[in-house]
There are 2 protein chains.
Amino acid sequence: MPGRVQSVERAAAILQVLASEAQPTPLHHLASALGLAKGTAHGLLQTLKDVGFVDQDEESGLYAVGVGLLQLAAPALDHNELRSRAINWADALASRTHLAVHVGTLEGAGVVVVHHVFRPDSRPQTLVTGTSFPLHASALGKVLLAHDPRAMRAAMASGLESHTYRTVVDWPALQRQLADVRDVGWAADVEEREPGVAALAAPVRDRSGYVVAAIGVEGAPDELCDARSRPLVSVAGHVTDAARAVSRELGHGRRP
Amino acid sequence: MPGRVQSVERAAAILQVLASEAQPTPLHHLASALGLAKGTAHGLLQTLKDVGFVDQDEESGLYAVGVGLLQLAAPALDHNELRSRAINWADALASRTHLAVHVGTLEGAGVVVVHHVFRPDSRPQTLVTGTSFPLHASALGKVLLAHDPRAMRAAMASGLESHTYRTVVDWPALQRQLADVRDVGWAADVEEREPGVAALAAPVRDRSGYVVAAIGVEGAPDELCDARSRPLVSVAGHVTDAARAVSRELGHGRRP
DNA sequence: ACGGTCGTTCGACGATGTCGAACGCCGTGC
DNA sequence: GCACGGCGTTCGACATCGTCGAACGACCGT
């Protein structure tokens, strides 16, 4: 691509492959996955090691994304006023509902989880901070679609991909759902993004009243819904209360 | 540096400057800070934008580290077995001690906080995940120095820099402290890294018995120490219990 | 209206990134 | 014990690509 720096694109591609692998990766795999000569891959990897973005195991020679990369991402994330302010209310929401809590913001064509509170029990859980959820097939995403025109433009550009048999992939049906979201103040996703998973989310507004994020809970459908898969209003109430509290922290509702 | 890719080094330097700035940064500042032509900085920034590592505000034109970078760092962090296993015990330690909890591992010449549990109250707190603490001037770091020869080599290479008037910057005195750490099983830092802050930490061992991390609590000196600034044995007991529990989760103490 | 600053674009040029070949090490099979 | 294949690493040649200075358009302040 003209005007872009190819070696930086290649280095980023290496990081993306490393991040997507469950285990440390050999150099030859990276080279072949990206169509690079081994010498080229080696030069890029040594540079990434020097700057702390990649670690290489001394014994096996395998490569992985280094914790050093976190030093870039985490402080930048914490500069985000939203996340700083959401943290306490997210903890409270998790305690109150006994569910996992996510906070997400629009990023490209998806909603990226910027904060994740584990459900307060000892079952194994997977951190999803940094993960991008589809806008049309997640509660967090529907909140953004309902209130943020940029989200709507992004969804129209990328289309409505099916994720489960319950995903809404019909624009009129989705529009009707979004009208309901604006009406009741929260969104639901019942096995639309992932089988066996339901979520409820509500909008977080900034000082000017714009929706800048969504906060929500996630769990098994029978933890959030009644026997006919209808979301429990009690859970939705906890979510909207938390969303309002975070919005107040961001200055929403204060006189100028 | 021969054998390294200069443009990847430059791109990494840009990210490091952006991460260290409290607010979004103009292109000309980045160019002058790194001694680059504006056209060069522009090409690197557009490439970083394309790969999602940098965002540019549409109105102001200012640049910042993008949430997209988190998508690389967070999943890679979660692959780290240590952090997955530490999360629950860290929450329990925070509840028990009413203090903030950190888990840290050796990274270069410092100890990087890979997990941070906020103290369970509503006072404002700052997330330090990703932050590197000095080895000799932090409880986490002293644990690693006491048990991990790589940490000792790194500290010898980088020296003992003073952080407060209480920082130990004398090798024999530090060595004596580290012998005590090995003896009692925990380390303390009383206003050595930061004025008004004290911390206690204990070693986390892997299946083979090697110390791979430290877990600790942090708070005001009077929350962890008695009137003569001596660490409270009760708090140290909670910390060593948590460290042992995490070590067991990592397989320490199991027969092969 | 004008001047200055900034982000962006463009083309020339040479510095650097890339690649193929080779090397050393390690593990495996015979 | 030896040979062989695979892998990470090194090196030098070459041409591709990254860099920079100049210029442009937009915006802002005076």
Side-chain angles (χ1 to χ4, degrees), chain A residues 1-66 68-69 76 108, chain B residues 1-66 68-69 76 150:
Chain A
M1 175 182 287
R4 300 296 182 260
V5 181
Q6 185 194 50
S7 29
V8 173
E9 288 176 333
R10 284 178 160 182
I14 287 177
L15 288 172
Q16 279 152 358
V17 172
L18 290 177
S20 69
E21 297 284 343
Q23 299 186 20
T25 307
L27 177 149
H28 75 98
H29 175 80
L30 288 166
S32 63
L34 298 174
L36 301 173
K38 290 196 301 173
T40 306
H42 191 260
L44 291 164
L45 281 164
Q46 293 314 300
T47 311
L48 289 169
K49 272 180 69 181
D50 288 347
V51 300
F53 292 3
V54 153
D55 286 336
Q56 183 183 21
D57 185 74
E58 285 180 19
E59 291 185 3
S60 65
L62 302 177
Y63 292 88
V65 173
L69 190 62
Chain B
M1 175 182 283
R4 300 296 180 260
V5 181
Q6 186 193 50
S7 31
V8 174
E9 288 176 334
R10 286 177 160 182
I14 286 177
L15 288 172
Q16 280 152 0
V17 172
L18 289 177
S20 69
E21 297 283 343
Q23 298 186 20
T25 307
L27 178 149
H28 74 98
H29 175 79
L30 288 166
S32 62
L34 298 173
L36 300 174
K38 289 196 299 172
T40 305
H42 191 260
L44 292 163
L45 281 164
Q46 292 314 298
T47 310
L48 289 168
K49 273 180 70 182
D50 288 347
V51 299
F53 292 3
V54 151
D55 285 335
Q56 183 184 21
D57 185 74
E58 284 180 20
E59 291 185 1
S60 65
L62 302 177
Y63 292 88
V65 174
L69 190 62
R150 295 172 304 160

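First the proteins, then the strands, lettered A, B, ... as listed; each starts at 1. Because the structure is a prediction, the values reported are computed rather than measured.
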Check: A/Leu34 and A/Arg10 side chains under 4.5 Å, non-hydrogen atoms: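 They are not in contact (no side-chain heavy atoms under 4.5 Å apart), so the answer is no.
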Side-chain heavy atoms of A/Leu36 within contact of A/Leu30, under 4.5 Å: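 A side-chain contact under 4.5 Å is absent here.
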Side-chain donor/acceptor of B/Thr47 to backbone N/O of A/Val5, under 3.5 Å: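 The answer is yes, because a donor-acceptor pair under 3.5 Å joins these two groups.
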Gap separating the [atom1] atom of [X] from the [atom2] atom of [Y], nearest 0.5 angstrom:
X: A/Gln46; Y: A/Leu44; atom1: CD; atom2: CG; result: 10.0 Å
X: A/Leu48; Y: A/Asp55; atom1: CG; atom2: CG; result: 11.0 Å
X: A/Ile14; Y: A/Gln16; atom1: CD1; atom2: CD; result: 10.5 Å
X: B/Thr40; Y: B/Leu27; atom1: OG1; atom2: CG; result: 10.0 Å

Out of [options], which nucleotide sits closest to the side chain of [X]?
X: A/Gln46; options: C/dT18, D/dG18, D/dT9; answer: D/dT9
X: B/His42; options: C/dT9, D/dG8, C/dG17; answer: C/dT9
X: B/Arg10; options: C/dT8, C/dT18, D/dT19; answer: D/dT19

Using a cut-off of less than 4.0 Å, is there contact between a side-chain N or O of [X] and OP1 or OP2 of [N]?
X: B/Ser7; N: C/dG17; value: yes
X: B/Tyr63; N: C/dT8; value: yes
X: B/Gln56; N: C/dC6; value: no

Footprint string (nucleotides 21-30 of chain D, 5' to 3'): B base within contact, S backbone only, - free, heavy atoms under 4.0 Å: ----------
Rounded to the nearest Å, what distance is computed from the [atom1] atom of residue [X] to the [atom2] atom of nucleotide [N]?
X: A/Leu34; N: C/dG17; atom1: CG; atom2: P; result: 18 Å
X: A/Asp57; N: D/dG8; atom1: CG; atom2: C1'; result: 14 Å
X: A/Leu62; N: D/dT9; atom1: CG; atom2: C1'; result: 15 Å
X: A/Leu48; N: D/dT9; atom1: CG; atom2: P; result: 13 Å
X: A/Arg4; N: C/dG17; atom1: CZ; atom2: P; result: 19 Å
X: A/His28; N: D/dG6; atom1: NE2; atom2: P; result: 11 Å
X: A/Leu30; N: D/dC7; atom1: CG; atom2: C1'; result: 13 Å
X: A/Glu9; N: D/dC17; atom1: CD; atom2: C1'; result: 12 Å

Worked check of side chain to side chain contact (heavy atoms under 4.5 Å, CB included) between A/Val8 and B/Phe53: CA-CA 11 Å; A/Val8 173; B/Phe53 292 3; over 6 Å; no
5' priority, DNA chain D, between A/Leu27 and B/Ala41 [closest heavy atom]: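 Nearer the 5' end of the strand: A/Leu27.
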Terminal axis angle for the helix from C/dA1-D/dT30 to C/dC30-D/dG1, five pairs an end, nearest 10 degrees: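 Here the helix ends are tilted 40° relative to one another.
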Heavy-atom pair of closest approach, residues A/Gly61 and A/Gln56: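 In terms of heavy atoms, the two residues are closest at O-NE2, 3.1 Å.
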Closest contact, heavy atoms only, A/Val65 versus A/Ala19: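 Heavy atoms only, the tightest pair is CG2-N, 3.7 Å.
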